[in-house]
Structures are given as structure tokens and as C-alpha cells.
A.B. asks: 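Once you've had a glance at the structure underneath, I'll fire off some questions.
If you're wondering where the values come from, they're calculated on a predicted model, not measured in any experiment.
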Amino acid sequence: MSDSSLSGKESLGIEFGSTRIKAVLVDENCNPIASGSHDWENRLENGFWTYHIDDVWAGLQDAYAKLSDDVQSKFNSKITDLSSIGFSAMMHGYLPFDKDGNLLAEFRTWRNTTTSDAAAFLTECFNFNIPQRWSIAHLYQAILNNETHVKDISFLTTLAGYVHWQLSGEKVLGIGEASGMFPIDSDKNDYDAVMLDKFSSLENVASYDWNIREILPKVLLAGENAGTLTQKGARLLDPTGTLNAGALMCPPEGDAGTGMTATNSIKERTGNISAGTSIFSMVVLEKQLSKVYEEIDMVTTPTGKPVAMVHCNNCCTDLDYWVGLFAEFSKLSGNDISKSQIYDLLYNTALDADKDCGGIVTYNYFSGEPVTKLQSGRPLLARSENCKFNLSNFMRAQVYSTMGALKIGMEILEKENVNIDCLTGHGGLFKTPVVGQKLMAGAMNTPISVMKTAGEGGAWGIAVLARYAVDGGEMSLDDYLSEKVFSRFSGTTIQPDADDVKGFEEYMKLYKSGLAVEKMAIQSI
């Protein structure tokens, strides 16, 4: 137990990830001092990937209760007051509500690839890439499908926006999260007015009583006041009644914005790669791209700067299943090896592999992958009869498969001559030291940095944004992160190895040609 005690000036960050809800408490210097988490899983119901709303609240309360237990064990005290709170969640998706606050349809997550017609039409209409997972694509697809609930929509938001609304009463979003709902005008830091007009004037949209401007959340920049924790909100978060109302709420952000914050990559020529259930890169641009690319999403930093985002639906899920298989074998053999140890053993053996994986290629597609234009997925392992099939090559191929679709998107930025000084990695792929970082550097042919705070991830990132809302003052978020936060945290940077770069290029040749096999698997299995 620590000799220190809580001051009541701590800030809380909670992020709803794809597989885990995590809460992180930070002190006035943004140091993580306690945490708690809750595991959950999406489910495929009625053709949609979803989470039940009851699970949102049960998971939030469990993560907070475990955080409280951690505080009790470390400080021998309870959390009664907080300086500020921030909520974050996986971006995009569809949560429509009526005028009485009733949810009109199941929560449709980012993972769904059911909006291809809407996304294609809106991309052409706006001359701006609208990915399938964006909220406006889900809304327009519901219109195309003649879904009866659409006429009753009074408010449309994301998961982060929903939780924030319930705890504060404010229907707002941080600009980075808002940029996953509807295109943003980075000059005005608001939804693009021309595109709003175009959407409103569509014949099948104009027939509804609501206006798109009225049902979207208000856009806020990092540091702006997004309300306070209400008494009702305090009880939703902490049913024990210990937590008091009144904490300042920062604008709710998406996992992309918290990832940029948690990796100090919101300046131009910087970027980050988040690698967990999904994988995505965020690169802050010096100028807009020359044209529209359906593989590149244009979003923003939490301060409104334009960002090129390559988002891939699939990353570590298939790899995790394989590790689980080895864990089963370990248990069956009578060896008492923890799953984390097995992860480290298998990841490290990938460093001993042939640089091109010896002719093994894997596809980690549990769901559709828009970057490679696949509407659904089938996890697949393929190899020639004379490949070098051993454990090291197998594991390197598994790690490479998490990066394959991302590389295809990043190649577009290379052709656009986008300058990237360094990419910062965070998420599960980088937990084992060196391996994911080294292989990613070779795959992207760019230096990859990993911070010591990477393990805290987006929950820490939104806690930092909550802290910034309290004491950022007139300081820009760029300066606040560099001078007040990351000046105290160290990290490591690995330069791309020429042999790794060449090996990954060879692997990608096989990966691209083998996509025909993946398509056939989707049709046949």
C-alpha cells in the first residue's frame, strides 16, 4: 500500500475497446496510478455485429468497480471526487434514438460491412470517401433499406457519445470522433456544410421530418468544456453512491483520437499504428491528398488537423486463436506455462524465421476487409508443398498477416509522397518487447517507436485529454503533450532493417496474389 493518498484532483479515462473496457486513473501529472478492466465480446445477431446496451452499463460499472478496488488496495481510500472524466470508444457505428431517448435499432458497430451501397453512393455524391463503418453510411443504408425506425430518429451518436450523453446530459462529440460520423471541414472545425446540404437535398432524405444538422452531436475541440458529471451519471458509473457529481467532462473521443494522444502523434509528419482486434494507422498530413481514395479515410486529430487513416477490420484475433491452441497443447502436455509466456515464446521465435516466412501466407479475416474489397472473411492458412514449414516461419507469417491489409493502404500514401518521420505503435501486437515493433518497422519501411505508456493505451489517452481540459489553459494540445506529458516518459525506436523490408515485400507479393484464394474460401466455406 502506498503512503500517498488521493487528492480529489485525479482524472479518469475510460475506453470501450472491442474486447475490453478499461478504466485508468491519473494524477495531476498524467501518471497512471490505478486501473480496472472488464472483458466483453461483440456478437453477430440478425446479420449485425453488436453489443447489447445492458452490457455497456454492466461493463462500465465492473471496470469502474475494479478500478475502485485497485485504488482501495493502493491508497486505502475510496474515490469520492474527480477533477475530470473522459470517455472514449471504438469509433463509428450507429446508435439512433427517438425523442424520448429510446434506442431505435441494435447498436451497429464499426465491424459491420453491410452498408456498401450507401457508402459507394455517398462517396460519389460528396466526392469524399465515406467508409462503410461511418455513421452516415449506416444511416443512409437504413434509408435505402426502408427501415421503419428512421422516421423516428431524434438523435444519432456513437458509443462514446452515448455514454457521455447519459453521464452528462450533453449531446456532444470530440472532433476526432465526429469525423467518423460525418465529414469535417478542418478550416471551420465543424461538419462540412456543403456536404450537409447535399445530404439534406437527397430526395429520399428530404422526405423525413428531421434534418441531419439537428440529429448529429455538437462538435467540440480538445480542451473545450463538454459538461459535468450529473448526479444521475455518477450513479450510473458508481452504483455504490461513493462518487460525487460535478467532475468536468472532456469531449468524448474515438479510439483513433485517444491513440494519437497516447502516442504523442498529433503533429504533422507524425503518426501511429494501433494494433489490437482491428489495426489502423493515423498519419497527420501537411496537405490534403490529391484525390479521393476509398482505402483512405480522412478524419482529424482531437484538435481538428486532417489525418489520413487506413483502417483494417482484422488484426490479432486469428493470431490469438492460434496462441490459444498452443496453450491447450501446453496444458495437455502437463506444462504449466501461462498464456502470456506462450505469447512471448511464440512471438520471439518469429525473429528466427526466414524474412519472407518461407512461403507461408495467412489471412486473418474474421470479418470483411474493405481495404482488400472483401465483404466477409474466412481465416485461412496457405502454403506451397515445398515451403519451409516450421514454427518460426509460421509465427512470422501470423504476425505479418496482421499487417498485410494495412500495408496495401499505406502504399497509397507512399505514392502520394506523404512524409512520415516516425510511427508510434500501441496495442496488443506491441506488448511483447521488440518483436511487433521490429517487424512493423520492416513492413512499413519506417521507424517505429513504442512508449512505455503503450500498455495503458487509449484509456490513458482519454485520461490525458480529460486532464488537458482541466489545466491546458491557453496551451495547445501539441505543446501540452510535448512539454507536460511526454517529456517525462521514455520509449524506444527501432529503425527498419533492410532484410526485413525486402522479406516483407516478398511476403506481400504472395499475400496479394493469394487474395484470390481467400475470395474462393469465402464463396466455398
Side-chain angles (χ1 to χ4, degrees), residues 16 18 42-53 56 89-98 102-126 128-163 165 171 173 176-184 191-192 195-196 198-200 202 204-205 207-208 210-217 219 252 254-256 278 280 294 297-299 309 311-313 367-371 375-376:
F16 290 78
S18 301
N42 57 186
R43 55 188 90 189
L44 185 62
E45 293 182 348
N46 302 318
F48 293 104
W49 289 103
T50 188
Y51 299 84
H52 291 181
I53 292 302
V56 171
M90 45 196 151
M91 290 177 70
H92 322 296
Y94 185 69
L95 280 161
F97 296 88
D98 66 15
N102 299 307
L103 184 61
L104 295 170
E106 64 278 286
F107 168 34
R108 300 172 187 179
T109 77
W110 60 271
R111 197 171 192 177
N112 288 286
T113 50
T114 55
T115 64
S116 57
D117 291 343
F121 175 83
L122 292 175
T123 295
E124 183 176 357
C125 177
F126 295 161
F128 187 97
N129 182 39
I130 303 296
Q132 288 201 50
R133 65 188 178 280
W134 279 23
S135 304
I136 193 63
H138 282 283
L139 173 61
Y140 194 63
Q141 190 66 50
I143 292 171
L144 294 179
N145 294 344
N146 295 311
E147 296 188 41
T148 57
H149 77 266
V150 174
K151 69 181 186 305
D152 298 317
I153 295 176
S154 175
F155 179 49
L156 178 63
T157 190
T158 65
L159 180 56
Y162 166 64
V163 174
W165 169 38
K171 296 179 178 179
L173 278 185
E177 174 77 334
S179 70
M181 291 197 77
F182 195 92
I184 292 290
Y191 301 115
D192 189 287
M195 296 184 200
L196 286 171
K198 285 183 178 180
F199 186 80
S200 297
L202 295 172
N204 54 359
V205 173
S207 62
Y208 291 100
W210 49 259
N211 183 283
I212 187 63
R213 283 180 166 85
E214 298 169 354
I215 67 172
L216 290 175
V219 178
D255 49 5
S278 64
F280 56 84
E294 61 182 76
D297 307 348
M298 291 305 302
V299 292
M309 179 182 191
H311 185 284
C312 305
N313 285 351
S367 60
E369 194 54 81
V371 170
Q375 294 300 310
S376 60

A.B. asks: Less than 3.5 Å apart, any donor N or O on the side chain of E294 or T123 sitting next to an acceptor on the other?
C.D. replies: no
A.B. asks: To the closest 0.5 Å, what do you measure between CZ (R111) and CG (N42)?
C.D. replies: 5.0 Å
A.B. asks: Run the side chain to side chain contact (heavy atoms under 4.5 Å, CB included) check on L159 and T109 step by step: do they pass?
C.D. replies: CA-CA 9 Å; L159 180 56; T109 77; over 6 Å; no
A.B. asks: Measure the shortest side-chain to side-chain distance between L103 and F97 over non-hydrogen atoms and say whether it is less than 4.5 angstrom.
C.D. replies: yes
A.B. asks: Are Q132 and T114 packed together at the side-chain level, in the sense that at least one heavy-atom pair is separated by less than 4.5 angstrom?
C.D. replies: no
A.B. asks: Do you see a donor-acceptor pair shorter than 3.5 Å between the side chains of Y140 and N204?
C.D. replies: yes
A.B. asks: Would you compute the distance between atom CD1 of I136 and atom OG1 of T115 and round it to the nearest 0.5 angstrom?
C.D. replies: 11.0 Å
A.B. asks: For the OG atom of S179 and the CE atom of M91, what is their distance to the nearest 0.5 Å?
C.D. replies: 4.5 Å
A.B. asks: Can you name the nearest heavy-atom pair linking A160 to E177, along with the distance?
C.D. replies: CB-OE2, 3.8 Å
A.B. asks: Side chains of L216 and L196: closer than 4.5 Å at any heavy-atom pair?
C.D. replies: yes
A.B. asks: Would you indicate whether the side-chain heavy atoms of Y208 and I143 approach each other to under 4.5 Å?
C.D. replies: yes
A.B. asks: So which heavy atom on A178 is nearest to which on I184, and how close?
C.D. replies: CB-CD1, 4.3 Å
A.B. asks: Let's go through Q141 and D117 carefully: what are the C-alpha distance in whole Å and the side-chain angles of both, what is the deciding distance for side chain to side chain contact (heavy atoms under 4.5 Å, CB included) to 0.1 Å, and is it a yes or a no?
C.D. replies: CA-CA 7 Å; Q141 190 66 50; D117 291 343; 3.7 Å; yes
A.B. asks: Mind checking the OG-NZ spacing from S154 to K171? Nearest 0.5 Å is all I need.
C.D. replies: 5.0 Å
A.B. asks: How long is the span from the NZ atom in K151 to the CG atom in N146, to the nearest 0.5 Å?
C.D. replies: 11.5 Å
A.B. asks: W165 vs Y162 aromatic rings, parallel, tilted or perpendicular, using cut-offs 30° and 60°?
C.D. replies: perpendicular
A.B. asks: In sequence, state the C-alpha distance, the side-chain angles, and the governing distance for L139 and F199, and then conclude on side chain to side chain contact (heavy atoms under 4.5 Å, CB included).
C.D. replies: CA-CA 11 Å; L139 173 61; F199 186 80; 4.1 Å; yes
A.B. asks: Determine the minimum heavy-atom distance between M181 and T157, stating which atoms define it.
C.D. replies: CE-CA, 3.7 Å
A.B. asks: Is R108 positioned over the aromatic face of Y94, cation under 6.0 angstrom from the ring centre and no more than 45 degrees off axis?
C.D. replies: no
A.B. asks: Decide yes or no for Y51 and M90: does some side-chain heavy atom of the first lie under 4.5 Å from some side-chain heavy atom of the second?
C.D. replies: yes
A.B. asks: Minimum heavy-atom separation for M195 to F126, with atom names?
C.D. replies: O-CE2, 3.5 Å
A.B. asks: Between the side chain of W210 and the main-chain N/O of V150, is any donor-acceptor distance below 3.5 Å?
C.D. replies: yes
A.B. asks: Under the side chain to side chain contact (heavy atoms under 4.5 Å, CB included) rule, what do I130 and F121 come out as? Steps first, then yes or no, please.
C.D. replies: CA-CA 9 Å; I130 303 296; F121 175 83; over 6 Å; no
A.B. asks: If the plane angle is over 60° it's perpendicular, under 30° parallel, otherwise tilted; pick one for H92 and W134.
C.D. replies: parallel
A.B. asks: Could you give the distance from CG (L44) to CG (N112), rounded to the nearest 0.5 Å?
C.D. replies: 8.0 Å
A.B. asks: Judged by atom type as modelled, is there a donor-acceptor pair below 3.5 Å linking the side chain of N211 to the main-chain atoms of R213?
C.D. replies: yes
A.B. asks: Write down the atom of S135, the atom of G93, and the distance for their closest heavy-atom approach.
C.D. replies: OG-O, 2.7 Å
A.B. asks: Within the structure provided, determine whether P96 and H149 are in side-chain contact (heavy-atom separation under 4.5 Å).
C.D. replies: yes
A.B. asks: Do the side chain of T113 and the main chain of Q375 share a donor and acceptor less than 3.5 angstrom apart?
C.D. replies: yes
A.B. asks: For C312 and V371, work out which heavy atoms get closest and say how close.
C.D. replies: SG-CG2, 4.0 Å
A.B. asks: Could you tell me whether a side-chain N or O of N313 sits under 3.5 Å from a main-chain N or O of E369, the two making a donor and an acceptor?
C.D. replies: no
A.B. asks: Check whether any side-chain heavy atom of P131 sits under 4.5 Å from a side-chain heavy atom of W110, and report yes or no.
C.D. replies: no
A.B. asks: Using 30° and 60° as the class boundaries, would you call the ring planes of Y191 and F182 parallel, tilted or perpendicular?
C.D. replies: perpendicular
A.B. asks: So M298 and P183, do their side chains get closer than 4.5 Å, heavy atoms only?
C.D. replies: no
